[in-house]
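Everything on this sheet refers to the single structure shown next.
The chains referred to below are lettered A, B, ... by the order of the sequence lines, with proteins before strands, and numbering in each begins at 1. Quick caveat: nothing in here was measured; it's all calculated off a predicted structure.
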Amino acid sequence: MEILRTVVEPLLTEALKSIGVQNAHWKKMLVPSRERDQGDLSLPCFPFAKQLGQAPDTIAEKIAQALQSAPAIGEVNAVAGYLNIKANPQWIASKVIDGQIRIGDARGNLSSNDREVLIEHTSANPNGPFHVGRARNAILGDTLVRLHRLYGNKVRAEYYVDDMGKQVAVLAWALENMTKSEVDSLLNNDDSNNPQWAGKADHERVRWYQAAQLARQERDDKQAIEDEISRMVHASENGDQQVLQSFESAYQPVLDGMLTTLERLGIKFDTFTKESKFVINGDVARLMEQFAGLEIHGTADNGAQFLDLGARGLKGKTEFFFRRGDGSSLYATRDIAYHIWKWSQSDQLINVLGEDHKLQAKQVGLTLKELGQKAPQVMFYSFIKLPEGKMSTRKGNVVFMDDLLEEAKAQAAAVVAELRPDYSAEQVLEIAEAAGTSAVRFNIIKVSPDKGFTFRWEEALAFEGGSAPFVMYSHARSCSIAKKCIDSGIDIDAVMSQDAIDIPSEMPVGLVELLRSIAVHNDILEKAVIDRRPHLFANQLLHLSTAFNSFYRDCMILNDGEVNKFNFRISQTARALMRTAMEGLGLIPLEKM
RNA sequence: GGGCGUGUAGCACAGCUGGAUAAUGCGUUGGCCUCCUAAGCCGAAGAUCCCGGGUUCAAAUCCUGGCACGUCCGCCA
């Protein structure tokens with residue numbers, strides 16, 4: 001609780017001086033209390049024991065007595081060698097009532113500094129529909145974008161389009177050289193695809209891609225196919241406009257289909273940058289020339305070139321190849337050119353990458369440093385597995401995002417229809433869409449990115465406990481009560497702007513817990529943003545919602561047509577915080593559900 | 001074989017820049033709707049924090065050695 005720390009630190013400095021502690025090392029020992037019942041900030045007194053020649057219990061006791069009181073400080077107690085300080089709930093309440101709690105805006109309308117953060121995420125090869133595994137990148141990346149905006153940063157969300165290389169070449173080749181019946185027969189007429197996605201290019205064209213992959217292994221003329229694809233790949237890497245154009249017409253509809261899926265999850269990008277840009281404009285060629293002059297540069301027998309990053313701390317295989325024997329560039333080389341360009345666009349770079357890219361990211365980072373540039377920050381995430389094992393399109397062991405979202409909506413609709421029998425069918429579907437997509441997002445956001453994650457339908461579609469609908473429900477309740485106030489003729493604007501609001505001297509536990517949660521809300525947002533750990537904020541929103549529900553139980557806002565102004569103001573603050581936090585996580589803040 | 005990551009109640013997951021009685025949800029279980037949305041609230045039971053050693057006043061957290069799982073170790077992307 002940082003707002004409490006600013007008050008407590010000077011007082012604690014004095015108190016510690018009075019018992020003989022002069023230096024300020026203790027400041028980093030003053031931490032949020034682990035035992036929430038005990039306090040908001042705690043100072044373990046064990047390290048002072050040796051210095052003062054006294055028992056930690058005694059020291060804690062002495063500090064407690066020497067600590068000057070202040071309006072911010074509620075209880076101070078000394079327990080088992082800890083000095084525990086609890087904020088005065090009335091003091092927190094006064095801060096809330098005075099509007100001193102930052103609400104924020106995840107849509108980016110409240111940027112409070114001029115730095116711009118460029119967050120690159122997703123950047124999936126445009127060769128097929130998103131499955132749940134690939135979507136973890138998009139959901140985490142978009143959440144990071146939103147949280148930065150909520151925090152007050154200017155953000156640019158960027159998609160790096162892989163518009164050259166083998167994967168798109170295969171897709172382009174297939175679309176130009178294979179008929180539908182060929183594709184169908186190669187895939188054994190197995191159309192397990194959901195017919196609902198007929199006409200959606202990512203689902204349609206991926207069949208050509210898959211069929212081509214089989215053709216490359218099975219067909220009699222497979223060598224000819226390979227030669228042709230190889231020719232296209234190399235032409236693209238040399239910036240051949242005609243080939244690049246044919247690639248684009250192959251992948252663009254696929255990419256559009258993928259983006260449609262993401263849009264349903266509230267995910268949007270500000271800019272798209274094509275990989276070929278840096279080949280065409282000569283950056284890649286110049287970069288390779290520059291590499292050749294570096295002291296860690298090396299050349300293989302066939303003329304391929306590399307940098308030996310072993311000298312820069314890379315372990316394992318230390319040769320980082322940036323140029324093939326035939327002189328063409330490699331993916332990582334282009335990625336470095338891309339990063340140099342990105343640094344010209346922004347002060348802070350963040351990439352969201354799967355754990356399989358760790359080595360490559362390390363190589364790019366070290367090379368950028370070798371060139372005198374900074375390495376980007378990276379948020380890595382572990383892969384999503386299915387209970388049956390690794391997700392694999394080839395083996396058909398895959399859950400498509402489009403199907404998941406449909407299923408989520410259908411199951412949510414069943415729940416809504418049962419819980420709210422009086423709602424119209426249209427209303428039910430609207431709520432179901434919001435609850436379903438939010439649930440899917442939240443399910444992925446709330447776990448730590450570096451934790452392996454097993455996708456289970458029953459968990460993704462759980463609509464209670466620690467889920468998005470739980471949060472949405474708390475928020476909807478806060479909206480409902482406000483609406484009720486308006487409906488009973490109360491001028492809520494007047495209540496909100498009224499200066500003197502009495503703060504009750506007695507507070508029920510639900511209210512106190514809500515105030516404490518509000519008081520740490522922005523601390524946790526900051527930590528989640530700086531540490532790139534969105535799940536921390538997801539957790540906070542869960543706590544805030546739980547606290548709101550307890551407050552709602554304990555504190556009547558509307559009683560016999562009379563509004564309790566204090567409770568109403570607290571409720572409205574919580575409502576605003578829940579709303580912006582939900583937007584920050586990409587959940588849809590319905591006002592009624 | 002080497003690098004990196006993960007291992008915490010039946011299940012899932014938080015805590016990991018050392019600090020108290022290891023938090024939360026599901027599941028199990030007991031209560032609460034004549035009272036602002038019960039998708040809710042309140043209570044109970046449930047944990048050798050993967051294993052062994054070490055550092056420390058203090059280890060789930062740091063070091064070290066194992067084990068298990070994931071991932072990478074392409075002149076692929």
Side-chain angles (χ1 to χ4, degrees), chain A residues 28-29 31 33-38 42-47 49-50 56 79-82 84 125 162 164-168 233 275 300 302-306 314-319 321-332 334-335 354-360 362 380 382-383 385 390 412 415-416 418-420 431 435 446-448 450-454 456 458-459 462-474 476-485 488 510 535-536 538-539 542-543 545-546 548-550 552-559 563-564 567 571 592-593:
Chain A
K28 62 175 185 295
M29 284 155 44
V31 292
S33 304
R34 184 159 162 188
E35 303 297 321
R36 280 184 54 79
D37 296 345
Q38 295 290 342
S42 291
L43 183 70
C45 297
F46 308 94
K50 206 171 263 180
V79 178
Y82 288 84
N84 298 312
N125 273 313
D162 216 339
M164 51 194 295
K166 197 163 262 178
Q167 298 206 27
V168 253
V233 169
E275 188 177 344
N302 67 347
Q305 296 178 35
F306 61 86
L314 189 68
K315 292 174 185 164
K317 195 205 163 194
T318 61
E319 291 164 350
F321 280 88
F322 63 88
R323 183 172 226 158
R324 292 196 185 92
D326 67 6
S328 59
S329 65
L330 285 130
Y331 173 80
R334 289 170 236 136
D335 201 21
E355 61 177 338
D356 56 333
H357 279 68
K358 278 186 176 175
L359 174 60
Q360 133 97 3
K362 188 94 189 156
F380 290 109
S382 203
F383 293 121
K385 302 181 293 261
K390 250 182 85 167
V415 173
V416 180
E418 193 189 324
L419 258 28
R420 306 281 182 268
I431 293 168
K446 74 175 179 185
V447 318
S448 171
D450 51 15
K451 192 88 85 174
F453 179 94
T454 303
R456 292 188 175 85
E458 61 273 27
E459 281 168 21
F463 295 143
E464 55 210 1
S467 72
F470 167 81
V471 172
M472 295 167 76
Y473 178 71
S474 307
R477 275 176 141 181
S478 70
C479 294
S480 166
I481 187 74
K483 184 173 183 300
K484 202 145 212 156
C485 290
S488 52
H535 71 285
L536 299 180
N539 226 338
L542 243 21
H543 280 131
S545 304
T546 304
F548 179 81
N549 286 331
S550 301
Y552 184 86
R553 173 204 61 201
D554 287 349
C555 303
M556 291 301 285
I557 290 163
L558 200 55
N559 222 343
V563 69
N564 178 315
N567 286 345
S571 175
K592 188 178 175 188
M593 66 186 285

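- Along RNA chain B, the nucleotide nearest to A:L359 and the one nearest to A:L43 differ in position, and the one closer to the 5' end is contacted by A:L43.
- The number of heavy-atom neighbours closer than 6.0 Å to CD of A:E458, taken from other residues, nucleotides and ligands shown, is above 12.
- In this entry the base of B:C16 is anti relative to its sugar, with a glycosidic angle more than 90° from 0.
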What are the atom names and distances for every N/O pair under 3.5 Å that joins the protein to nucleotides 39-42 of chain B?
residue, atom, partner, partner atom, Å
B:A39, N7, A:R420, NH2, 3.2
B:G40, OP1, A:G465, N, 3.2
B:G40, O3', A:N549, ND2, 3.2
B:G40, O2', A:R477, NH1, 2.8
B:C41, O3', A:R553, NH1, 3.1
B:C41, O2', A:R553, NH1, 2.7
B:C42, OP1, A:S550, OG, 3.0
B:C42, O5', A:R553, NH1, 3.4

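- Of all nucleotides present, none satisfies the Watson-Crick or G-U wobble test against B:A47 with each distance under 3.5 Å.
- Pairing partner, B:G40: B:C32, with both Watson-Crick or wobble hydrogen-bond distances short of 3.5 Å.
- Judged by the 6.0 Å and 45° rule, A:R477 forms a cation-pi pair with A:Y552.
- Here A:N559 lies out of heavy-atom contact (under 4.0 Å) with every strand.
- Listed for the A:R420 side chain is a donor-acceptor partner under 3.5 Å among the backbone atoms of A:M593.
- Rounded to whole Å, the distance from CD on A:E35 to P on B:U24 is 11 Å.
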Reading nucleotides 8-16 of chain B 5' to 3', which nucleotides get B (base under 4.0 Å from a protein heavy atom), which S (sugar-phosphate only), which -?
-> B---SSSS-

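- Contact annotation: A:K317 reaches the phosphate of B:C75 (side-chain N/O to OP1 or OP2, under 4.0 Å).
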Pick out the pairs of N or O atoms, protein on one side and nucleotides 62-65 of chain B on the other, that lie under 3.5 Å.
none

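- In this structure, A:K358 places its NZ atom 18 Å from P of B:G74, rounding to the nearest Å.
- At most 12 heavy atoms of other shown residues, nucleotides or ligands fall within 6.0 angstrom of atom NZ in A:K483.
- Side-chain contact annotation: A:D450 with A:S382, donor-acceptor N/O pair under 3.5 Å absent.
- Closest non-hydrogen pair, A:V447 versus A:F453, comes out as CG2-CD1, 3.4 Å.
- Across all strands shown, B:U55 forms no Watson-Crick or G-U wobble pair with both key distances under 3.5 Å.
- Put simply, A:S480 has a side-chain N or O that comes within less than 4.0 Å of OP1 or OP2 on B:U37.
- Minimum interatomic distance between A:E275 and A:M164 (heavy atoms only, all atoms of both residues): CD-CG, 3.8 Å.
- Side-chain contact annotation: A:D335 with A:Q360, donor-acceptor N/O pair under 3.5 Å present.
- Between the NZ atom of A:K385 and the P atom of B:G7 there is a distance of 12 Å, rounded to whole Å.
- No engagement by A:P56 is indicated, since no non-hydrogen atom pair under 4.0 Å with the nucleic acid exists.
- To the nearest angstrom, P of B:G1 lies 18 Å from NZ of A:K315.
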Go through A:N564 and A:I557 one step at a time and tell me if the side chain to side chain contact (heavy atoms under 4.5 Å, CB included) criterion holds.
-> CA-CA 5 Å; A:N564 178 315; A:I557 290 163; 5.5 Å; no

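- When the C1' atom of B:C75 is taken as reference, atom CD of A:Q360 falls 14 Å away, rounded to whole Å.
- Between the CE atom of A:M29 and the P atom of B:G18 there is a distance of 12 Å, given to the nearest Å.
- Atom pair A:F306:CZ and B:G74:P shows a separation of 14 Å (rounding to whole Å applied).
- When all heavy atoms of A:V79 and A:Q38 are compared, the pair lying nearest together is CG2-OE1, 3.9 Å.
- Here the closest heavy-atom approach between residue A:K362 and residue A:L314 is recorded as CG-CD1, 3.5 Å.
- Nucleotide B:U24 has B:A12 as its partner under the Watson-Crick or G-U criteria, with both atom distances under 3.5 Å.
- The pairing partner recorded for B:G2 is B:C72, the criterion being a Watson-Crick or G-U wobble arrangement whose two distances lie under 3.5 angstrom.
- No donor-acceptor pair under 3.5 Å is formed between the side chain of A:S480 and the backbone N or O of A:A476.
- Annotation: of the two residues near RNA chain B, A:G165 and A:S33, the 5′-most nearest-nucleotide partner is A:S33.
- Atom pair A:I557:CD1 and B:C35:C1' shows a separation of 14 Å (rounding to whole Å applied).
- Of the possible polar contacts, none joining the A:K484 side chain to the A:L558 backbone as a donor-acceptor pair under 3.5 Å is found.
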